[in-house]
Amino acid sequence: MSPIADILRKYGFGFDKRFGQNFLTDVNLLRAIVSDAGITDGDAVLEIGAGAGTLTRALAEKAGKVVSFEIDGRLAPVLSEVLADSPNAQVVFEDFRGVTDEKLKSLVGEDFKVVANLPYYITTPIIMRFAEGALRPSSMTVMVQKEVADRLAAQPGSPDYGAITASVALCCDVKISRFVPRSMFTPPPNVDSCTVRLDFTERMPREEEAQVRRLVKAAFSMRRKTLVNNLSRAGYPKEKTAAALAEMGLRSDARGETLSYADFTVLKNLLSV
Ligand code: SAM
C-alpha cells in the first residue's frame, strides 16, 4: 500500500480546516490506540470521522465490524483504496450530528464501542450525546485536545474541574490513556492531544441520573457564583440547599467545582428532587 500522503495527493485531496481534518498516519500509534480501546474480534466499533481511513483500517484488523461516519464526500476514493482489504469496515458519508439512535442501532447494534480521533469542533457534543442519551456504548476511546482530556479527568476542587467533568463522571470511569504531541498529525494542529478512555457504568437508575444531571447543570450555570446562589436561580430553595450542604459537612459558600459526582448524588437525595 502506498503511503497515505501519496494516496491523498493522487486524488487531489486538500485538507479542510472547518472539519478538523488532522489525520494520523503512524501505524504504531494507530495500533496502540486500538489496543488502548481493548478491541477484540467480538466487537462492533463506531468511529466518527473516517478521514483517510487509517484508524478505520487499524480497527478493522482487530474488530468484528467497524462503522465509520465521514462528512466529507471528497474522501470517498481515498477510503475505497485504503479500506480495499478491510471487508468488515463500512463508511457512511453523513454528518454524524444528524444521525439518530435508531440508525446507529441498525448499523452497530446496542452493544458497541466508540473509537475515534474526534473532529475537535464537536468533541463535547459527541461525548455528551453518549453520556446523556439513551443509546450508550460500553466504552469510548477518543482523541481529544489535551485541555479537554485534563477537564474530563480532573479531580473536584482543581482548576480543570467543571460541568463536563461531573456530567461524565456520573456515568463513566475516565482514564487518560496516552499523550499525543501535535507533530503526530498531518497537518499538525496548534494544540497537543491525548486519548481518553471512558468506560460506561450503571452507577444509578437513569431517572435518578437525569435528576442529578439537572442539579449539576444548575450548579455550574455561573462559574463564580456559590452553589446556593446558582441552585436558587434554578428554583431550588436557598435555605434547603444551605441545610443540605451543612448536613454534608460543606460550607454554605461552597462552589459546584468542589463537589464530586457522588456529592451531587447525596445532595440530590437531601433536596429530594
Ligand atoms: N480518523 C482519521 C484519522 O485519525 O486520521 C481522521 C480524523 S480527523 C481528526 C476528523 C475527521 O472527522 C475528518 O475526516 C472530518 O472530515 C470528519 N468530520 C468532521 N466533522 C464531521 C461530522 N460532523 N460528521 C462526520 N465526520 C466528520
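Order of appearance sets the numbers: ligands from 1, and atoms from 1 within every ligand.
- Taking distance alone, with nitrogen or oxygen atoms compared against 3.5 Å, Asp95 approaches ligand 1 more closely than that limit.
- Within the 4.0 Å heavy-atom cutoff, Gly20 counts among the residues contacting ligand 1.
- Contact between Glu47 and ligand 1 is present, with at least one heavy atom of the residue lying under 4.0 Å from the ligand.
- Looking at Gly49 next to ligand 1, an N or O pair under 3.5 Å apart turns up.
- Between Gln21 and ligand 1, a contact under 3.5 Å exists for at least one N or O pair.
- The backbone N or O of Thr40 lies less than 3.5 Å from a partner atom in the side chain of Asp43, making a donor-acceptor pair.
- Given atom 2 (C) of ligand 1, the protein heavy atom at minimum distance is Ala50 O, 3.4 Å.
- Summarising the geometry, atom NZ belonging to Lys62 is positioned 8.0 Å from atom CZ belonging to Arg31; distances are rounded to the nearest 0.5 Å.
- Between the Thr241 side chain and the Pro237 main chain, a donor and an acceptor come within less than 3.5 Å of each other.
- For ligand 1, the polar-atom distance check finds an N/O of Leu24 within less than 3.5 Å of one of the ligand's N/O atoms.
- Near Glu94, meaning under 4.0 Å from any of its heavy atoms, are these atoms of ligand 1: 24 (N), 25 (C).
- A donor and an acceptor atom, one from each side chain of Ser232 and Asn229, are nowhere located under 3.5 Å apart.
- The shortest N or O to N or O distance between Ile71 and ligand 1 is under 3.5 Å.
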Sequence neighbours excluded and cut-off under 3.5 Å, please list the side-chain donor-acceptor pairs for residues 139-159, or say none.
unit_1, atom_1, unit_2, atom_2, d
Lys146, NZ, Asp150, OD2, 2.7
Ser158, OG, Gln155, O, 2.8

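- Checked by distance only, ligand 1 and Phe96 come closer than 3.5 Å through their nitrogen or oxygen atoms.
- Remark: Asp173 does not engage Lys175 in a salt bridge, criterion side-chain N to carboxylate O under 4.0 Å.
- Here the protein heavy atom with the shortest distance to atom 4 (O) of ligand 1 is Asn117 ND2, 2.9 Å.
- Protein heavy atom in closest approach to atom 20 (N) of ligand 1: Tyr121 OH, 2.7 Å.
- Taking 4.5 Å as the limit, some side-chain heavy atom of Leu8 sits within range of a side-chain heavy atom of Phe23.
- Salt bridge present: Glu209 and Arg213 bring a charged side-chain N and a carboxylate O closer than 4.0 Å.
- Distance from atom 16 (O) of ligand 1 to its nearest protein heavy atom, with residue and atom name: Glu70 OE2, 2.6 Å.
- Within the 4.5 Å cutoff, no side-chain heavy atoms of Arg203 are placed close to those of Thr265.
- Under 4.0 Å from ligand 1, the heavy atoms of Thr54 that appear belong solely to its side chain.
- Of the possible donor and acceptor atoms, one in the side chain of Asp192 sits under 3.5 Å from a partner among the backbone N and O of Arg182.
- Counting only heavy atoms of the protein, atom 19 (C) of ligand 1 lies nearest to Phe19 O, 3.2 Å.
- With a 4.0 Å cut-off on non-hydrogen atoms, Ile122 touches ligand 1 through its side chain and not its backbone.
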Report, one line per pair, each donor and acceptor closer than 3.5 Å where one atom sits in a side chain of residues 243-252; sequence neighbours left out.
unit_1, atom_1, unit_2, atom_2, d
Arg251, NE, Asp253, OD1, 2.8
Arg251, NH2, Asp253, OD1, 3.3
Arg251, NH2, Asp253, OD2, 2.8

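- Residue-level proximity to ligand 1 for Phe185 is absent, since no heavy atom of it falls below 4.0 angstrom.
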